[in-house]
Protein chains: 2
Amino acid sequence: MNIGEVAERTGLPAKTIRYYEDIGLVTPAREANSYRVFSEIDAHKLQFLGRARALGFSIEDCRNLLALWEDQDRASADVRAIAQEHLDEIEAKIKGLTEMRNTLADLVQSCAGDKRPDCPILKGLEGP
Amino acid sequence: MNIGEVAERTGLPAKTIRYYEDIGLVTPAREANSYRVFSEIDAHKLQFLGRARALGFSIEDCRNLLALWEDQDRASADVRAIAQEHLDEIEAKIKGLTEMRNTLADLVQSCAGDKRPDCPILKGLEGP
DNA sequence: CTTGACCTTCCCATAACTGGAACCCCTATG
DNA sequence: CATAGGGGTTCCAGTTATGGGAAGGTCAAG
């Protein structure tokens with residue numbers, strides 16, 4: 001199938017798929033007219049990539065996961081290590097964002113939000 | 001004061017401060033030897049920027065907040081609107097990350113993590 | 001005088017795309 | 001048959017907010 005069809009099937013933009021080819025994540029065949037031809041396997045790989053990216057795995061993580069996915073002899077522990085590491089990163093991000101949110105929510109709460117120039121948010125941003 | 005001192009005082013890397021000058025967030029004076037000279041006001045602005053960035057405000061948000069900070073006649077509502085919008089963004093991010101974490105935690109949990117090639121994480125990534 | 005710590009500008013690189021220009025290919029229609 | 005449209009192709013540049021490093025000027029101390 002051509003790039004448009006695989007884009008629709010996987011939900012990935014064509015641009016992104018070309019980019020994934022550029023960096024070697026997929027290697028579709030070519031027709032005589034230089035159009036890319038995607039096999040079912042290519043489409044499946046792209047599906048996999050889309051899901052993994054949606055779960056926040058980096059491209060490099062995806063490359064590793066894809067290699068493991070294609071390796072019939074992989075150990076599930078290898079996959080789990082990548083996923084666990086990523087899980088830890090996500091939890092750290094959530095923690096940081098939650099702190100941010102709390103600080104910011106305090107500032108917003110303390111602000112009257114009226115026409116007066118006095119603003120506790122700006123004061124809060126000046127420093128502790 | 002020179003860039004090194006202001007960097008130490010604000011906790012921002014000198015590189016970042018030069019970048020902030022580049023994009024017009026601060027405009028330090030220059031000495032005859034072309035060294036930047038930062039006033040107390042410049043240092044205070046950078047402090048403000050550092051805090052706002054640490055709370056995840058984008059550079060453009062910072063630019064707006066800085067303008068409001070310098071405007072004696074601003075209405076606190078203007079500031080609050082920016083902060084509230086950013087707060088909403090942060091909460092959306094937290095929500096998305098939390099969903100990610102839950103999905104991923106399920107996958108990790110279901111994986112034996114041993115030497116067998118059978119891996120539910122990869123299966124989960126293939127699609128629903 | 002030299003050493004070392006500063007400072008300067010300039011250019012390149014990151015992650016993961018996205019947009020746009022300029023151009024080729026194929027088919028359907030007036 | 002010309003053309004309009006909707007594919008496709010490559011390549012180049014831009015995005016965010018810096019970080020790295022080269023090549024070189026400046027300054028205070030020993």
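These numbers come from the heavy atoms of this one structure, side chains and all, not from hydrogens, waters or symmetry mates. Quick note on labels: first sequence line is chain A, next is B, and so on, each numbered from 1.
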field: Any residue meeting ring pair (Phe, Tyr, Trp, His ring centres under 6.0 Å) with A/Phe48, in chain and number order, not counting sequence neighbours
entry: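 Only A/Trp69 meet the ring pair (Phe, Tyr, Trp, His ring centres under 6.0 Å) criterion with A/Phe48.
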Can you tell me the distance, in whole Å, between the [atom1] atom of [X] and the [atom2] atom of [N]?
X: A/Leu25; N: C/dA16; atom1: CG; atom2: P; answer: 10 Å
X: A/Glu8; N: D/dG8; atom1: CD; atom2: C1'; answer: 16 Å
X: B/Tyr19; N: D/dG20; atom1: OH; atom2: C1'; answer: 16 Å
X: B/Asp22; N: D/dT18; atom1: CG; atom2: P; answer: 13 Å
X: A/Glu31; N: D/dT10; atom1: CD; atom2: C1'; answer: 17 Å
X: B/Glu89; N: D/dT16; atom1: CD; atom2: C1'; answer: 14 Å
X: A/Leu46; N: C/dC17; atom1: CG; atom2: P; answer: 12 Å

task: Would you mind building the protein contact string for nucleotides 1-13 of chain C? One character per nucleotide, 5' to 3', B for base within reach (heavy atoms under 4.0 Å), S for sugar-phosphate only, - for untouched.
output: -----BSBBB---
message: With a sphere of 6.0 Å drawn around CD of B/Glu85, does it hold more than 12 non-hydrogen atoms of other residues, nucleotides or ligands?
response: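 Result for CD/B/Glu85: open.
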field: Within 6.0 angstrom of B/Ile41 CD1, more than 12 heavy atoms from elsewhere
entry: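 At most 12 heavy atoms, drawn from other residues, nucleotides or ligands, come within 6.0 Å of this atom.
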task: Mind listing the closest non-hydrogen atom pair of B/Ala83 and A/Leu104 along with its distance?
output: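 Heavy atoms only, the tightest pair is O-CD2, 4.0 Å.
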- prompt: Is a salt bridge present between B/Glu31 and B/Arg36, judged by a nitrogen-to-oxygen distance below 4.0 Å?
  reply: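 So B/Glu31 does not pair with B/Arg36 through a salt bridge.
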- request: Evaluate the side-chain contact (heavy atoms from CB on, under 4.5 Å) criterion for residues B/Arg63 and B/Leu25: first the C-alpha distance (whole Å), next the side-chain angles of each, then the deciding distance (0.1 Å), finally the verdict.
  value: CA-CA 7 Å; B/Arg63 197 189 297 281; B/Leu25 289 180; 3.9 Å; yes
query: Any idea which of D/dA17, C/dT18, C/dC17 is nearest the A/Tyr20 side chain?
result: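 Out of D/dA17, C/dT18, C/dC17, the nucleotide with an atom closest to A/Tyr20's side chain is C/dC17.
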